Protein chains: 2
Amino acid sequence: MRADAKKNYAHLLATAGEVIKEHGVEASLRDIARKADVGLATLYRHFPTREALLEALLRKTLDELTREAAKLEQTEPPQQALLLWINDAVRFVRSYNGAVAVMSAALDDVNSALHASCSNLRSAGARLLENAQTAGVARPDISGLDLFAIIGALGWIGDQPSFGSRAEHLFGIIAGSLLTVGSDDSIKLQPRRPNAPQNSN
Amino acid sequence: MRADAKKNYAHLLATAGEVIKEHGVEASLRDIARKADVGLATLYRHFPTREALLEALLRKTLDELTREAAKLEQTEPPQQALLLWINDAVRFVRSYNGAVAVMSAALDDVNSALHASCSNLRSAGARLLENAQTAGVARPDISGLDLFAIIGALGWIGDQPSFGSRAEHLFGIIAGSLLTVGSDDSIKLQPRRPNAPQNSN
DNA sequence: ACCTGAACACCGTTCAAGT
DNA sequence: ACCTGAACACCGTTCAAGT
């Protein structure tokens with residue numbers, strides 16, 4: 001990669017992060033190119049589709065979240081590991097408005113640039129869920145896809161301005177519904193825990 | 001209203017119903033005008049904003065759903081009334097892709113054409129919820145807004161193609177989480193019940 | 001009173017022409 | 001190898017001009 005290309009790529013990505021953080025994943029690509037002082041066609045050269053751009057933006061954090069599941073599996077008891085991970089996943093999913101819809105679409109579309117990362121994420125969550133189920137602390141009738149959907153739904157709630165104030169409360173209720181009855185004592189959406197994956201773009 | 005205006009209005013609304021059913025609430029207004037064989041400015045004359053068009057499209061059913069809550073309150077025991085109503089609300093919310101986001105935004109925006117209908121809907125649900133709480137069959141820490149958010153989240157799940165297959169199952173889990181522990185025995189998303197409000201546009 | 005084509009300012013996507 | 005302006009086909013919104 002030529003030096004100027006490298007520079008454009010990095011600057012484009014940084015600008016995209018800002019614009020998308022402000023206007024959501026459907027932000028104008030023209031706007032991003034403009035703010036990055038780069039021809040619109042240059043953006044397309046580096047990121048042929050919007051998904052490719054999002055992939056470049058999200059992959060790092062997405063993969064961190066996947067690895068974090070493995071770590072929690074070893075350091076925390078099954079229920080705690082599951083809840084802490086859901087907490088971080090929801091927190092991540094909220095970092096870009098509308099990201100959650102793109103991610104759930106990517107799950108279904110093998111050709112999406114985001115497919116692999118999202119699919120891995122689902123597997124990582126599924127593993128924590130299975131551990132919790134084996135330990136008898138999570139409902140046995142829930143699949144990894146269900147877990148992903150619930151994380152998505154919680155992210156969606158957080159995206160709606162009218163529900164924002166209730167998001168934490170609803171997190172507790174809905175995340176609690178995954179657990180076996182009796183094992184839920186006041187689940188709260190936690191402040192960002194140290195070492196939890198976060199977007200730094 | 002002149003005869004030709006009346007005819008255009010009705011035809012526009014019918015066409016909008018079809019197009020929006022196919023392409024979701026963000027469907028192209030130009031497309032709707034085109035398919036209705038009417039100038040684009042005519043659509044704007046009858047429906048000055050997209051919200052106004054949606055309001056015309058949804059209000060009838062929305063109000064029916066509100067009235068249905070009152071009926072269920074009198075004919076069913078509190079828990080049954082609540083669950084049946086949530087069932088119908090989720091079913092309605094899924095009738096147009098993306099409607100749920102518009103409705104939740106309308107809740108917050110007093111100037112939205114949909115504000116009144118959505119606000120009434122929330123109150124109607126809140127009443128069923130309160131009855132269930134008083135009877136001790138629903139969690140006491142849930143508000144009418146929470147209920148609305150949960151209905152929205154379930155609608156959102158149904159809107160995502162990747163989760164469509166799990167929507168019914170997740171309905172049972174999440175709706176169940178509103179109930180007090182012990183009172184949930186296998187809640188299922190029901191087929192459309194006779195007399196439940198539905199879109200006929 | 002109502003309808004409409006056209007204009008304006010946007011958008012995503014593609015491509016020939018430049019260095 | 002890489003960048004870019006311009007073109008194309010869309011979109012929402014507004015308005016002067018028609019009947």
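Just so you know, these numbers use all the heavy atoms, side chains as well, and skip hydrogens, waters and symmetry mates. Convention: sequence-line order gives letters A, B, ...; per-chain numbering from 1. Please read all numbers here as calculations on a predicted model, not as lab measurements.
- DNA chain D is contacted by no residue of residues 102-111 of chain A, taking any non-hydrogen atom closer than 4.0 Å.
- For the pair A/Asp63 and A/Arg67, the salt-bridge criterion is not met [side-chain N within less than 4.0 Å of a carboxylate O].
- A heavy atom lying under 4.0 Å from DNA chain C marks the following residues of residues 32-40 of chain A, by number: A/Arg34, A/Leu40.
- At a threshold of 4.0 angstrom between heavy atoms, the contacts of B/Thr42 include nucleobase atoms, whether or not backbone atoms are also involved.
- Residues from residues 43-55 of chain A lying near DNA chain D, meaning a heavy-atom separation below 4.0 Å, are A/Arg45, A/His46 in numerical order.
- The local environment of CZ in B/Arg59 is sparse, with at most 12 non-hydrogen atoms from other residues, nucleotides or ligands closer than 6.0 Å.
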Stepwise, does the side chain to side chain contact (heavy atoms under 4.5 Å, CB included) test hold for B/Leu29 with B/Leu53? CA-CA 10 Å; B/Leu29 298 179; B/Leu53 177 58; 4.1 Å; yes
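- Summarising the geometry of B/Ser104 relative to A/Gln160, their closest heavy-atom pair is OG-OE1, 3.1 Å, with the distance given to 0.1 Å.
- Here NZ of A/Lys21 is found 8.0 Å from CG of A/Leu57. Values are rounded to the nearest 0.5 Å.
- Sequence order on DNA chain C of the closest nucleotides to A/Glu26 and B/Arg30 puts B/Arg30 first from the 5' end.
- Listed by first residue number, the stems of DNA chain C with at least three Watson-Crick or G-U pairs below 3.5 Å are C:4-8 with D:12-16, C:12-16 with D:4-8.
- The nearest heavy atom of DNA chain D to B/Asp31 and to A/Ala5 marks one nucleotide each, and the one closer to the 5' end goes with A/Ala5.
- Heavy-atom contacts of chain B under 4.0 Å fall on DNA chain C between two terminal nucleotides, which in 5' to 3' order are C/dA1 to C/dA7.
- Using the six-membered ring where Trp is involved, A/Tyr9 and A/His46 have ring planes that are perpendicular, over 60° apart on the 30 and 60° scheme.
- Under a 4.0 Å N-O distance rule, the pair A/Arg91/A/Asp88 does not qualify as a salt bridge.
- Between the side chain of A/Ser95 and the backbone N or O of A/Phe92, at least one donor-acceptor pair lies under 3.5 Å.
- Ionic pairing of B/Arg34 and B/Asp31 is present here: one or more N-O contacts between side-chain nitrogen and carboxylate oxygen are shorter than 4.0 angstrom.
- B/Ser143 and B/Asp146 are linked by a side-chain donor-acceptor pair at a separation below 3.5 angstrom, with hydrogens and angles left out of the test.
- The side chain to side chain contact (heavy atoms under 4.5 Å, CB included) search around A/Ser123 returns none, not counting sequence neighbours.
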